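This report refers to the structure that appears directly beneath it.
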Amino acid sequence: MNYWLFKSEAEVWSWDQQVAKGDEGEEWDGVRNYQARNNMRQMKIGDRGFFYHSRAEKEVVGIVEIIAEAHPDSTIDDTRWECVDIKAIRPFQTPVSLAMCKQDERLKEMVLVNNTRLSVQPVSEAEWKIVCDLGNTDPS
DNA sequence: GCCAACGTTGGC
DNA sequence: GCCAACGTTGGC
């Protein structure tokens with residue numbers, strides 16, 4: 001299984017909205033960046049991801065699961081752009097802030113810390129466990 | 001609200 | 001194919 005991280009501004013698409021979608025989940029649409037899209041193309045059903053609120057909160061707030069692999073983005077008439085579908089699995093007991101990640105020596109290689117502009121990123125298994133641990137949250 | 005970093009566009 | 005100009009993201 002692979003691990004990922006999805007960024008969203010809470011004003012645009014929040015964790016609460018994702019949770020409200022339940023098991024049906026929702027398209028992760030609107031990505032207009034090739035690196036982010038390429039990451040989504042590598043996702044498999046059952047992969048897990050962090051849900052991160054950028055800009056205002058800057059913290060990991062929940063865990064999601066990939067429920068549909070890359071398909072054309074329904075919000076644009078341009079075949080270049082694809083997206084996956086995700087559903088909420090569980091919220092973080094304690095949100096893990098960007099500042100916490102930056103302070104943790106073990107996370108200094110994390111894409112979140114080093115490439116702030118990438119909106120869909122890979123997370124290593126070790127990083128996954130560390131962040132879940134920091135958030136007192138079940139990593140499974 | 002500002003601005004640095006980055007990605008994309010388009011003229012040449 | 002290069003690179004300047006521009007637009008957007010996201011941390012601070």
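These numbers come from a predicted model, not from an experiment. Letters A, B, ... are given to chains in the order of the sequence lines, protein chains preceding strands, and every chain is numbered from 1.
- Atom pair A:Glu59:CD and C:dG11:P shows a separation of 12 Å (rounding to whole Å applied).
- Residues passing the side-chain hydrogen bond (donor to acceptor under 3.5 Å, both in side chains) test with A:Trp13 are A:Gln18, sequence neighbours excluded.
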Under-3.5 Å N/O pairs linking protein and nucleotides 7-9 of chain B:
unit_1	atom_1	unit_2	atom_2	d
B:dG7	OP1	A:Gln35	OE1	3.3

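- Applying the side chain to side chain donor-acceptor pair (under 3.5 Å) test to every pair with at least one member in residues 86-97 of chain A, sequence neighbours left out, gives these pairs: A:Thr94-A:Asn136.
- Across the interface with DNA chain B, nearest-nucleotide mapping of A:Asn114 and A:Arg55 shows A:Arg55 to be the residue nearer the 5′ end.
- Note: NZ (A:Lys58) to P (C:dC12) measures 7 Å, nearest angstrom.
- Screening residues 83-117 of chain A for ring pair (Phe, Tyr, Trp, His ring centres under 6.0 Å), with sequence neighbours left out, gives A:Phe50-A:Phe92.
- Under the rule for a side chain to side chain contact (heavy atoms under 4.5 Å, CB included), the partners of A:Glu127 that lie at least two apart in sequence or sit in another chain are A:Leu107, A:Glu109, A:Met110, A:Val123, A:Ser124.
- In this structure, the side-chain hydrogen bond (donor to acceptor under 3.5 Å, both in side chains) partners of A:Trp4, at least two apart in sequence or on a different chain, are A:Asp47.
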